[in-house]
Each structure stands twice: as C-alpha cells, then as structure tokens.
Amino acid sequence: MTAQMKRNSTAEWQAQDRQHLHPFTDNAELGKIGARVIAKAEGTYLFDSDGNKMLDAFAGLWCVNIGYGRKSIADVAHAQLLELPYYNTFFKTTHPPVAELSKLLVEMTPRQFNHVFYGLSGSDANDTIVRMVRSYWNLKKQPKKKTIISRWNGYHGSTMVAASLGGMTYMHELADLPLPGHAHIKQPYWYGDGGSMSPDEFGLAAAKALEDKILELGADNVAAFIGEPIQGAGGVIIPPATYWPEVQKICKKYDLLLIADEVICGFGRTGYMFASEPFKIEADFMTLAKGLTSGYMPLSAIMVADRVAEVLNSCGEFNHGFTYSGHPVSCAVAIENIRILRDEKMVENVHDVTGPYLAKRLEEFRDHPLVGEVRSMGFVGAIELVKDKKTHKTFEPLGKVGTICRDHCVKNGLIMRATRDTMLLSPPLMWTTGHIDEFMKLAKVALDATAKDLGL
C-alpha cells in the first residue's frame, strides 16, 4: 500500500467510497453499511483493511488464473511503461507487444483463427462481434440476417448490446432491453429443467430449441448463435455431451455464424486452454478476456475465423475501434501471463491433478442436507442448494439462501459467489490439493451455518 493508504482507516475509505457507484450493487444499501475494503493480495489470499485473511475461491471475478502478486508481471508492466506506455493501433500503426501477442494467440487458438481484434473487456468484445456479424452479412448481400440468438440466463457482458445478447432478465428490466435483433432460447440446464429426461435426451431437446427459434424467426433473418461453452454467471451450467454437437449441426444447416464466448472458460479454467477443445466447438468467433491477463491489466481479444475475416477485409476500412485497442502495457502483461501459465504447466496440472481432486472432494457435499447437486469441470464448479433433494425444489424467494451462505463464507474467511441459491467457485489455477482441502473445511462451515439458520 502507498503511504497515503496506510494513513487511512477502514471507516475513512468507506466514507470516501460512498461517492463510488459500484457495479451490480444496491448502492443505497451499501452506503448504509460500508464496503468491504480489500487492501492486499498474495497468492490466493486476500486481506481486508482490518487485516482479516480470506481464501479467494473465485479468482477475483473468474480471472486471476495465475494468482496474486506475481513480480514478473509487475516488472514487465514497469518496463513497458518506460519503453512505450501508450500508442494507438489506428491508421496503419502497430507496436511490438500487440504484434507479438497476436502471433501468440493465433498459435494457441483453434486452427480456423488467424486474426485478432482487441478491446478492454468481454462486454466491448461481444459488442464488437455483433458489429462484425452484421457487417459480414451485409457484405454477403444478405442484409436481413440480423438477429442473434442466445440463451436465457446466459451472460455476455453489461453494455447495452452485450446485455441484450445475455439472457439475464433483471438486467433487461433496468434499461428496456433487449435491443431489437436479439432472441433467446432455453439453457442446457439439466438439473433444473431436465425433468424425467436423461442428460443426453435433454441436451438434444435444449439444442432443438435453437432450431425451433430459427424456424420461428425465419432462417433468412437469423445471423448467429452465441453461447458460453459453460454458462458461468448463470450458475456454472455444464451442458450435456449431446448439446454442442447438435447446436453446431443446426448452425451449419441454417447458415448461422457461431460465437463461442470463452471469457470465463478460456486460458485453463476448465483444464483445457480453451473449453472449445473438449466440447469440440468449431466457432467463427471466440471472445477472450479475464484469464488473458489474469486480471492484472484490462484486455480483451476477439479471435476471428478466416472465412469471416476474408469477407470483412474486403470492405476497405473497418470503422470500429477503441482508444485502448491493443494497449501496449496490457499486451505485454498478457504475454507474460501466458508464459507463466505455460512454464508452470498450470493448465495441465488442473486437468491431471487438481481438477479431478476438486471434483472428488466436492462429491462429499452431496450428503449435506442443503446440497442437491455438485458439478465441476477443471477449476470451475457449483454447489447447488435446494429445499428438496429428491424433487430438486428450490427455496423461495430464490436467492435468499445463497446470500445467507455467501455471507457465512465471508465471515469465516472464504470468498465464493452466490448465483440464486447456487454457490460458485472458480479458484486460481495455482491452487494445490492443500488449498482444496482448506476450501472444503471453510465451505462446510458455511454450509452448516446456513443449514442451522434454516432450522435444518
């Protein structure tokens, strides 16, 4: 902390923070109680301004894949700030970090991707993709193909277009969304919506909802389908094995572009560098952010398939971009972040050792009176809390029990996220089996305390 920060107390920071409008927060309520002040981080631990230590089981916001406090990242950022702190990539200009990162990303991603466009967040990246999709079909002389289909409860960002792509109704209600040109279908959520169907049967039924929506709208009016390989903010919804192959067949049948939103899943989160690999998704666009820099600097990247880039490159100038597209410091940090992931074999370790160990340990919670379902893939997982384990019946009002459990987690030194009544985890990839054991102890304390509050 800086000298100025050391002079301040928690109460002083909270008072100053009341001028700050927080994202996804009831700011009126927060103004009454004061924000939790996170002052320091090391490895996988956070320290608040009162010195309390917390195990971060959520990697910041799905993003700090390499853990906190990496000196080499700071060194690279410092060197780049001295060498070239900023320059734009407009008007036929580039710089070494963006050129080198572009080559690296092309080498890492599936073979159809040989072109990259940069932004600062997953939200602006998905906004950009919508513009590229519309430009593509206009150039292909099919201007009616405008509508993009996505899933209820999917999340693709919080800007006007990205929130329209997403299927979070509480976000739509805030600002008269979705915008025209967006449609939504059911999510592949077998535990909640599968009923008597097997997972494979439900996967096909959920995919058929895409075809039904295309036929309802008219294939000549539908431009693309976007989906997260695993829905993250929606509750870590891992689709059945039959889902993505069928979705891809439908996209090809009706000539839709396919967008894989890998903002959460990318850079090792699932035990693969990208989740498109295990799900065998051959997309036309791939949205990257979060783990691209492990959150150390803002950066997003859009991987554009050759067949799309060839069309877009035929139009002359592509009149779109941001002041900070391909920011040199962010790109330098991304390169070092990827080096760490590779040199320390973090993705391989999650795939072979820690991911399977986490899955095995999570199974222990199935016997807990509150837990109806546990699910995970690599280092992304969910513990779903239900009122009736046999019928999968949820608590009412939905979200209250998840909030109680989340608060018990924080009180006992554990950071997890609650989506409705599902506890989500997304730990740094540098976790060991020892960290997983520590997590299990802390999570059980929170689950038991929540059950006690409910009289179970």
Side-chain angles (χ1 to χ4, degrees), residues 40-46 56 58-89 94-109 113 115-122 124-125 262-275 286-303 322-351 354 378-379 426-432 435:
K40 182 181 177 182
E42 293 178 359
T44 183
Y45 296 100
L46 302 171
D56 185 3
F58 209 68
L61 198 58
W62 315 89
C63 56
V64 189
N65 290 7
I66 61 172
Y68 298 98
R70 293 284 184 154
K71 185 176 183 300
S72 67
I73 294 277
D75 291 343
V76 163
H78 178 252
Q80 187 59 53
L81 283 164
L82 295 176
E83 181 77 17
L84 180 69
Y86 171 76
Y87 202 71
N88 68 77
T89 56
T94 193
H95 50 71
V98 77
E100 292 170 12
L101 179 60
S102 298
K103 180 177 184 293
L104 184 57
L105 291 177
V106 164
E107 291 171 351
M108 295 174 66
T109 53
F113 296 121
H115 305 273
V116 194
F117 189 95
Y118 293 99
L120 285 178
S121 72
D124 65 44
E262 293 252 15
V263 168
I264 287 173
C265 293
F267 299 97
R269 175 61 46 202
T270 62
Y272 298 84
M273 188 60 78
F274 303 103
M286 183 185 284
T287 321
L288 307 177
K290 294 190 183 293
L292 174 57
T293 66
S294 284
Y296 278 68
M297 288 290 292
L299 186 67
S300 62
I302 302 153
M303 304 307 299
F322 309 101
T323 300
Y324 303 115
S325 290
H327 192 284
V329 181
S330 295
C331 289
V333 165
I335 293 168
E336 176 62 11
N337 173 67
I338 292 167
R339 183 199 66 76
I340 292 170
L341 285 171
R342 285 177 158 177
D343 286 0
E344 299 185 14
K345 298 190 182 302
M346 287 191 186
V347 183
E348 294 89 338
N349 193 52
V350 170
H351 183 276
T354 51
F379 262 15
S426 169
L429 306 190
M430 41 70 69
W431 264 21
T432 64
H435 289 122

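Note that the coordinates shown come from a computational prediction; the quantities given were computed from them, not determined experimentally.
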Asks: Evaluate side-chain contact (heavy atoms from CB on, under 4.5 Å) for Met286 paired with Thr109, printing each intermediate quantity in order.
Replies: CA-CA 9 Å; Met286 183 185 284; Thr109 53; 4.3 Å; yes

Asks: May I ask you to decide if Ala289's main-chain N or O and Ser300's side chain share a donor-acceptor pair within less than 3.5 Å?
Replies: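 Side chain of Ser300 to backbone of Ala289, a donor-acceptor pair under 3.5 Å: no, none is there.
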
Asks: Does any N or O in the side chain of Tyr45 come within less than 3.5 Å of the main-chain N or O of Tyr68, such that one atom is a donor and the other an acceptor?
Replies: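 Side chain of Tyr45 to backbone of Tyr68, a donor-acceptor pair under 3.5 Å: no, none is there.
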
Asks: What are the two closest non-hydrogen atoms of Leu101 and Ile335, and how far apart are they?
Replies: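 Scanning both residues, the minimum pair turns out to be N-CD1, 3.8 Å.
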
Asks: Show, in sequence, the C-alpha distance, side-chain angles and deciding distance for Asn337 and Ser294, and conclude whether the side chain to side chain donor-acceptor pair (under 3.5 Å) test is met.
Replies: CA-CA 7 Å; Asn337 173 67; Ser294 284; 2.6 Å; yes

Asks: Please round to the nearest 0.5 Å and tell me the distance separating atom CG of Leu288 and atom OG1 of Thr293.
Replies: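 Answer for the CG-OG1 pair, Leu288 versus Thr293, is 11.5 Å.
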
Asks: Strictly under 6.0 Å, is that where the ring centroids of Tyr118 and Tyr324 end up?
Replies: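 Ring-ring flag for Tyr118/Tyr324: false, centres at least 6.0 Å apart.
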
Asks: Step by step, would you call Phe267 with Ile338 a side-chain contact (heavy atoms from CB on, under 4.5 Å)?
Replies: CA-CA 8 Å; Phe267 299 97; Ile338 292 167; 4.1 Å; yes

Asks: Could you tell me the separation between the OH atom of Tyr296 and the CD atom of Glu336, rounded to the nearest 0.5 Å?
Replies: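 The OH atom of Tyr296 sits 10.0 Å away from the CD atom of Glu336.
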
Asks: We want to know whether Thr287 and Glu262 form a side-chain donor-acceptor pair, criterion being a heavy-atom distance below 3.5 angstrom.
Replies: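 Side chains of Thr287 and Glu262: no pair found under 3.5 Å.
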
Asks: Mind listing the closest non-hydrogen atom pair of Ser330 and Pro298 along with its distance?
Replies: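 Nearest heavy atoms, Ser330 then Pro298: OG-O, 2.8 Å.
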
Asks: Enter the distance from Asn65:CG to Ser426:OG here, rounded to the nearest 0.5 Å.
Replies: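 Going from CG on Asn65 over to OG on Ser426, the span is 7.0 Å.
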
Asks: Looking at Leu84 and Pro328, what are the two nearest heavy atoms and their distance?
Replies: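 So the minimum-distance heavy-atom pair works out to O-CG, 3.6 Å.
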
Asks: Begin from the C-alpha positions of Phe322 and Asp124 and carry the test side-chain contact (heavy atoms from CB on, under 4.5 Å) through to its verdict.
Replies: CA-CA 9 Å; Phe322 309 101; Asp124 65 44; 3.8 Å; yes

Asks: Does the distance from a Lys or Arg side-chain N to an Asp or Glu carboxylate O, for Glu344 and Arg70, drop under 4.0 Å?
Replies: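 Judged by the 4.0 Å cut-off on N to carboxylate O distance, Glu344 and Arg70 do form a salt bridge.
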
Asks: Within the distance-only criterion (no hydrogens, no angle test), does the side chain of Asn349 pair as donor or acceptor with the backbone N or O of Lys345 below 3.5 angstrom?
Replies: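 Flag not set: sc Asn349 to bb Lys345 has no pair under 3.5 Å.
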
Asks: Just by distance, no angles: are the side chains of Ser325 and Asn88 close enough, under 3.5 Å, to form a donor-acceptor pair?
Replies: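 Not at all, the side chains of Ser325 and Asn88 share no donor-acceptor pair under 3.5 Å.
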
Asks: Looking at side-chain heavy atoms only, is the closest gap between Val333 and Leu299 below 4.5 Å?
Replies: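 No, too far: nothing below the 4.5 Å cut-off.
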
Asks: Locate the shortest heavy-atom distance separating Pro85 from His327; write the atom from each residue and the value.
Replies: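 Between these two residues, the closest heavy atoms are O-CE1, 3.1 Å.
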
Asks: For Gly378, does its backbone N or O pair with a side-chain atom of Arg269 as donor and acceptor, under 3.5 Å?
Replies: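 Not confirmed, Arg269 side chain does not pair with Gly378 backbone.
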
Asks: Check the surroundings of atom CD in Glu83: do more than 12 heavy atoms from other residues, nucleotides or ligands lie under 6.0 Å from it?
Replies: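 Atom CD in Glu83 is not crowded, with 12 or fewer foreign heavy atoms closer than 6.0 Å.
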
Asks: Can you confirm whether Phe113 sits close enough to Leu105 that some side-chain heavy atom of one is under 4.5 Å from a side-chain heavy atom of the other?
Replies: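 With C-beta onward as the side chain, the pair stays apart.
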
Asks: Would you say the side-chain atoms of Asp343 pair up with the backbone N or O of Ile340, donor to acceptor, closer than 3.5 Å?
Replies: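 Here the side-chain-to-backbone pair does not exist.
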
Asks: Going from OG1 on Thr44 to CG on Asp56, what distance comes out if it is rounded to the nearest 0.5 angstrom?
Replies: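 Between atom OG1 of Thr44 and atom CG of Asp56 there are 5.5 Å.
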
Asks: Any heavy-atom pair between the side chains of Val116 and Val106 that's under 4.5 Å?
Replies: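 Yes - at least one pair of side-chain heavy atoms lies under 4.5 Å apart.
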
Asks: Kindly indicate whether the side chain of Gln80, heavy atoms from C-beta on, has any atom under 4.5 Å from the side chain of Pro97.
Replies: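 Answer yes - side chains close enough.
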
Asks: Could you check whether any side-chain N or O of Lys40 sits under 3.5 Å from a backbone N or O of Leu46, counting only pairs where one atom can act as donor and the other as acceptor?
Replies: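 Judged by distance alone, no pair lies under 3.5 Å.
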
Asks: Between Ile66 and Met430, is any pair of side-chain heavy atoms under 4.5 Å apart?
Replies: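 They are not in contact (no side-chain heavy atoms under 4.5 Å apart), so the answer is no.
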
Asks: For Phe379 and Val350, what are the C-alpha separation, side-chain angles and deciding distance, and is it a side-chain contact (heavy atoms from CB on, under 4.5 Å)?
Replies: CA-CA 7 Å; Phe379 262 15; Val350 170; 4.1 Å; yes

Asks: Quick check for you: to the nearest 0.5 Å, what is the distance between His115 atom NE2 and Ser102 atom OG?
Replies: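 One finds 11.0 Å between NE2 of His115 and OG of Ser102.
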
Asks: If I take atom NE2 from residue His95 and atom OH from residue Tyr86, how far apart are they, to the nearest 0.5 angstrom?
Replies: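 It comes to 8.5 Å.
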
Asks: Taking atom OH of Tyr87 as the centre, does the number of heavy atoms from other residues, nucleotides or ligands within less than 6.0 Å exceed 12?
Replies: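 No, because the 6.0 Å sphere around OH of Tyr87 holds 12 heavy atoms or fewer from other groups.
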
Asks: Tell me, do Met346 and His351 make a side-chain contact under 4.5 Å, heavy atoms counted?
Replies: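 The answer is no; the side chains never approach within 4.5 Å.
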
